[in-house]
Peer 1: 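My structure is below; once you've seen it, I'll send some questions.
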Amino acid sequence: MGIASLGFLWGVFLLPLVFGVPTKETTFGESVASHLPKGCRRCCDPEDLMSSDDTIQAPVSPYVLPEVRPYINITILKGDKGDRGPTGTPGKPGKNGTRGDRGSQGVKGDKGQAGSPGSSCQTHYSAFSVGRKTGLHSSENFLSLLFDRVFVNTDGHFDMATGSFVAPLRGLYFFSLNVHSWNYKETYVHIVHNEQAVVILYAQPSERSIMQSQSVMLPLVPGDRVWVRLFKRERENGIYSDDVDTYITFSGHLIKAEDN
């Protein structure tokens with residue numbers, strides 16, 4: 001115990017000799033100032049702490065200050081309205097829009113005035129239908145087929161003496177021919193326009209007689225003739241009829257007249 005106490009006392013006496021004894025007591029302000037960078041001072045330090053050769057340098061900021069530019073709102077400086085400029089070039093037409101909804105029906109208007117009378121409508125008619133109750137055999141020449149019975153003959157356009165229809169108007173006409181064939185004989189008949197055979201009605205020889213027909217439409221001018229002829233004798237040729245029934249008929253009518 002005594003030896004430890006003596007060691008501690010020797011340490012106390014020797015410590016000043018090793019580290020030295022301070023000659024002046026340092027104040028708190030001087031201690032803080034000693035740790036400040038050169039040229040810096042605190043705002044509370046007295047002016048005499050700064051040496052004459054110390055200069056105050058502004059700290060360098062790491063940030064770049066933005067450039068300030070003045071801005072003037074020109075809307076508050078608006079002048080008087082200028083003159084209207086010239087019309088520009090029209091632009092290209094736009095696309096068609098969608099169709100709108102149908103509007104409501106409008107109010108019915110007043111009745112209009114009656115128009116002037118029109119021209120009278122002229123309707124043209126021409127029709128005939130004739131028959132024959134006598135059979136006919138071919139000869140050395142063509143035979144014109146004559147008829148002995150009239151069913152229809154408006155305005156007498158069919159000439160019974162020559163067995164031909166004479167067109168009264170320019171237009172389109174329809175014709176029909178019906179005959180009865182003869183047993184074991186050919187039936188060879190033409191419908192003729194003026195002197196030109198247009199269509200043929202033909203039946204081969206057969207042990208049975210049958211009805212045959214032919215029809216045609218023709219454009220005619222006034223004065224044109226249409227009639228029927230039996231072919232000349234090159235083969236046994238004939239058409240049948242009797243006094244009781246009418247087996248042979250020839251008919252025609254105007255379909256449409258052409259206006260002049």
Peer 1: Supply the atom-to-atom distance K256 NZ to L169 CG, rounded to the nearest 0.5 angstrom.
Peer 2: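 Result: 12.0 Å between the selected atoms.
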
Peer 1: Would L146 and W182 show up in the same hydrophobic cluster when neighbours are defined by side-chain heavy atoms closer than 4.5 Å?
Peer 2: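 Each belongs to a different hydrophobic cluster.
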
Peer 1: How many angstroms lie between CG in L220 and NE2 in H193, if you round to the nearest 0.5 Å?
Peer 2: 5.0 Å

Peer 1: Tell me whether T154 contacts the main-chain N or O of A127 through its side chain, where contact means a donor paired with an acceptor under 3.5 Å.
Peer 2: yes

Peer 1: Is a side-chain N or O of D224 found less than 3.5 angstrom from the main chain of A167, in a donor-acceptor match?
Peer 2: no

Peer 1: Could you pull out all residues at least two apart from Y247 that satisfy ring pair (Phe, Tyr, Trp, His ring centres under 6.0 Å)?
Peer 2: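 Y247 satisfies ring pair (Phe, Tyr, Trp, His ring centres under 6.0 Å) with H180, Y240 once adjacent residues are dropped.
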
Peer 1: Measure the OG-CG distance between S126 and N153 for me, rounded to the nearest 0.5 Å.
Peer 2: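 Those atoms lie 8.5 Å apart.
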
Peer 1: Test side-chain contact (heavy atoms from CB on, under 4.5 Å) on S138 and F231; report intermediate values, then the result.
Peer 2: CA-CA 7 Å; S138 60; F231 199 73; over 6 Å; no

Peer 1: Between N183 and R208 (side chain of the first, backbone of the second, donor and acceptor by atom type, cut-off under 3.5 Å), is there such a pair?
Peer 2: no

Peer 1: Does the side chain of P205 come within less than 4.5 Å of E186's, by heavy atoms?
Peer 2: yes

Peer 1: Could you walk me through whether F151 and S251 pass side-chain contact (heavy atoms from CB on, under 4.5 Å), step by step?
Peer 2: CA-CA 9 Å; F151 299 105; S251 304; over 6 Å; no

Peer 1: Please assess S213 against N178 for the test side-chain contact (heavy atoms from CB on, under 4.5 Å), listing each intermediate value before the final yes or no.
Peer 2: CA-CA 4 Å; S213 65; N178 295 276; 3.1 Å; yes

Peer 1: V130 and L218: same hydrophobic cluster, using ILVMFWY side-chain contacts below 4.5 Å?
Peer 2: yes

Peer 1: For a quick test of reading the model, state the closest non-hydrogen atom pair linking H137 to L143 and the distance between them.
Peer 2: O-CD1, 3.2 Å

Peer 1: Scan R149, K133, R132 and name whichever one has a side-chain hydrogen bond (donor to acceptor under 3.5 Å, both in side chains) with T246.
Peer 2: R149

Peer 1: I'd like to know if the side chain of N194 reaches the main chain of Q196, judged simply by a donor and an acceptor atom lying under 3.5 Å from each other, with no hydrogens or angles considered.
Peer 2: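 No: the side chain of N194 does not pair with the backbone of Q196.
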
Peer 1: Return the minimal non-hydrogen interatomic distance between D155 and Y125, and the atom names on each side.
Peer 2: OD2-O, 4.3 Å

Peer 1: Hey, can you tell me if F175 and F250 have their rings parallel, tilted or perpendicular (30° and 60° cut-offs)?
Peer 2: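 F175 vs F250 ring planes: parallel.
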
Peer 1: State, to 0.1 Å, how close R170 and V221 come at their nearest heavy-atom pair, and which atoms those are.
Peer 2: NH1-CG1, 3.4 Å

Peer 1: Among the clusters formed by ILVMFWY side chains lying less than 4.5 Å apart, do V226 and F142 turn up in the same one?
Peer 2: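 Not linked; separate clusters.
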
Peer 1: Is there a donor-acceptor pair closer than 3.5 Å between any side-chain N or O of Q214 and the backbone N or O of L177?
Peer 2: no

Peer 1: Please report the C-alpha distance between L254 and Y173 in whole Å, then the side-chain angles of each, then the deciding distance to 0.1 Å, and finally whether the side-chain contact (heavy atoms from CB on, under 4.5 Å) criterion is met.
Peer 2: CA-CA 4 Å; L254 172 67; Y173 294 80; 3.6 Å; yes

Peer 1: Is F147 close to I248 at the side-chain level, that is, under 4.5 Å between some pair of heavy atoms?
Peer 2: yes

Peer 1: Taking all non-hydrogen atoms of both residues, which atom of M217 and which atom of F174 are closest, and how far apart?
Peer 2: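 Minimum heavy-atom contact is CG-CD1, 3.5 Å.
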
Peer 1: Can you tell me how far OG of S209 sits from OH of Y184, rounded to the nearest 0.5 angstrom?
Peer 2: 10.5 Å

Peer 1: If you group Ile, Leu, Val, Met, Phe, Trp and Tyr by side-chain heavy-atom gaps below 4.5 Å, do V166 and V192 land in one group?
Peer 2: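 As far as the 4.5 Å side-chain criterion goes, V192 and V166 are not connected within one cluster.
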
Peer 1: I want to check something: taking the side chain as every heavy atom from C-beta on, are W227 and L145 in contact at a cut-off of under 4.5 Å?
Peer 2: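 A side-chain contact is absent here, since even the closest heavy-atom pair is not under 4.5 Å.
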
Peer 1: Could you see if V228 belongs to whatever hydrophobic cluster contains L136? Use Ile, Leu, Val, Met, Phe, Trp, Tyr and a side-chain cutoff under 4.5 Å.
Peer 2: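 Yes; tracing contacts between hydrophobic side chains, which count when under 4.5 Å, links both residues.
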
Peer 1: Assess whether atom CG of D245 is packed by more than 12 heavy atoms of other residues, nucleotides or ligands within 6.0 Å.
Peer 2: yes

Peer 1: When rounded to the nearest 0.5 angstrom, what distance separates CG in N237 from OH in Y202?
Peer 2: 8.5 Å

Peer 1: Does E195 have any salt bridge (Lys or Arg N to Asp or Glu O under 4.0 Å) partners at least two apart in sequence or in another chain, and if so, which?
Peer 2: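 Only R225 meet the salt bridge (Lys or Arg N to Asp or Glu O under 4.0 Å) criterion with E195.
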
Peer 1: Can you tell me how far apart CD1 (I191) and CZ (R229) are? Round to the nearest 0.5 Å.
Peer 2: 12.0 Å

